[in-house]
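Working notes for the structure below.
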Amino acid sequence: MDKLVIKGGKKLFGDIKVSGSKNSTLPILAATLLTDDKCVIRNVPKLRDTLTMIKLLRSLGKTVEYNNHTAIISGAANSSTAEYKLVSTMRGSFCVMGPLLSKFRHAKVSLPGGCVIGIRPVDLHIKGFKALGAAIEVEAGYVIAKARQLKGNLIYLGGIFGPSVLATGNVMMAASLALGETIIESAACEPEVEELSEFLIKMGAHIEGKGTTRLVVRGVKRLHGADYTIGPDRIEAGTFVLMAAATQSTLTIRNIKYAQLLVLVDRLEEAGVRFKKGKDSLTVIGPKKLKPVSVTTYPYPGFPTDLQAQFMALMAITPGVSVINDKVFPDRFIHIAELNRMGANIRRDSGVAVVEGVKTLFGAPVMASDLRASAALVLAGLVAKGKTEIHRIYHLERGYEDLEQKLKKVGAVIYREKE
Ligand code: EPZ
């Protein structure tokens with residue numbers, strides 16, 4: 001196993017390119033189960049999670065070739081059971097349930113289990129499948145869904161923490177081959193869900209309201225293959241924006257969709273960061289002095305929970321006090337302990353994180369945990385005095401393609417070492 005070593009204190013410069021969106025890629029790869037025709041998906045980022053999804057598709061009988069960021073998926077799936085050994089390594093694989101149920105009228109998928117950011121329930125997914133007429137059993141850690149024929153319905157899919165990204169995708173995929181019309185109220189409207197709708201429409205699905213909280217899906221008899229290019233990863237882009245701000249750098253991030261980064265730009269302008277917008281790029285001008293800004297995460301277009309840890313790391317070195325609240329995953333604060341080990345001064349106080357900015361962080365051996373907490377530790381390592389060693393970097397490799405190469409290219413002193 002490798003570890004990442006970072007020597008802090010270097011400014012970044014030049015250009016950094018964002019890869020395809022992990023969270024658009026996963027449900028779109030799952031959606032190829034809805035047809036036996038060939039699908040070509042381009043700009044697929046080379047990540048542990050995308051390779052896991054490709055392995056899962058192969059275990060279901062699909063033929064998958066993956067070269068130079070292009071995945072070609074063809075053939076008929078010959079199983080509707082997604083095994084524990086694959087689903088347990090990546091909860092996102094639960095989004096194969098909708099397509100399998102829709103295509104095979106049967107699906108058996110391992111319950112994804114929890115992870116460090118929360119218990120990760122699937123009750124909204126199950127509520128949606130039941131509304132479409134599926135009989136659901138939960139047995140020995142598997143969710144088993146059966147339906148002679150899925151029928152369209154009006155479904156309210158909002159949960160106590162708001163809409164669910166993957167439940168919206170799962171139910172939309174199940175409804176695409178159901179009989180009649182399905183209305184999904186309180187659908188998630190994240191760009192990744194909008195991309196999934198776009199792909200399904202290219203496959204011949206009838207979906208109205210893409211990118212809104214109300215989706216209308218009219219079931220069709222069959223779906224055909226499609227050729228689709230994945231859009232840029234807004235969370236990777238936001239992570240680089242925050243790294244530029246933290247290292248007081250002028251850095252251009254290429255291959256972005258500005259509209260997806262509005263809330264981050266808005267909060268960082270309040271903190272004193274300046275920006276120059278290009279056609280599909282954003283130049284970040286990190287100031288010498290930052291002002292503390294508090295954020296609360298919400299479903300899109302609110303501040304993304306997937307940038308919360310990285311933003312907290314930035315506030316950890318910003319003089320003054322900021323309060324960070326996560327309304328999507330209220331317990332997503334595992335990164336506090338590791339940041340404090342680097343000299344940050346952050347405490348939990350009745351459910352929120354209170355960050356008292358310190359002048360300096362100090363390099364230390366730290367442990368990666370969830371994907372975005374690990375990115376927060378890389379950001380902290382870039383600004384810390386001395387050397388930071390990040391262990392268990394497979395968490396990072398799940399969602400960031402060639403992170404150390406990209407950062408090295410713009411001036412960071414970062415390299416891998418054997419554990
Ligand atoms: C997606 O997860 C993303 N993953 C997550 O990104 C992201 O943090 C999350 O959406 C929120 O934006 C992928 O797309 C692969 P949710 P998802 O269902 O769909 C609760 C990353 O770092 N909920 O939108 O699993 C849930 O507990 C990952 O790339 C229910 O209550 O998240 C949470 O509080 C981490 N019942 C809230 O809804 C359900 O049935 C939002 O979760 C489902 C979810």
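For ligands, and for the atoms within them, numbers begin at 1 and follow the listed sequence. Just so it is clear, the structure is predicted and the values come from calculations on it, not from any experiment.
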Of all pairs that satisfy ring pair (Phe, Tyr, Trp, His ring centres under 6.0 Å), the ones with a partner from residues 186-206, not counting sequence neighbours: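 For residues 186-206: F199-Y228.
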
Looking at residues at least two apart in the chain, or sitting in another chain, which of them share a ring pair (Phe, Tyr, Trp, His ring centres under 6.0 Å) with F240?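 With neighbours one apart ignored, the set is empty.
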
Could you check whether the rings of F333 and H335 sit parallel, tilted or perpendicular, using 30° and 60° as the cut-offs?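 Taking H335 first and then F333, their aromatic rings sit tilted (interplane angle of 30° to 60°).
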
Output the set of protein residues with a heavy-atom contact under 4.0 Å to ligand 1, ordered first by chain identifier and then by residue number.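 Residues K22, N23, L26, R91, I117, R120, P121, V122, D123, L124, H125, F161, P163, S164, V165, L166, T305, D306, V328, F329, R332, L371, R372 each place a heavy atom under 4.0 Å from ligand 1, listed by chain and number.
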
Under 3.5 Å, is there a donor-acceptor pair between the R234 and S21 side chains?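 Short answer, no.
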
Step by step, would you call L200 with M172 a side-chain contact (heavy atoms from CB on, under 4.5 Å)? CA-CA 9 Å; L200 290 169; M172 181 165 54; 3.9 Å; yes

For E356, which residues count as a salt bridge (Lys or Arg N to Asp or Glu O under 4.0 Å) partner, sequence neighbours excluded?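 So E356 forms a salt bridge (Lys or Arg N to Asp or Glu O under 4.0 Å) with R347.
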
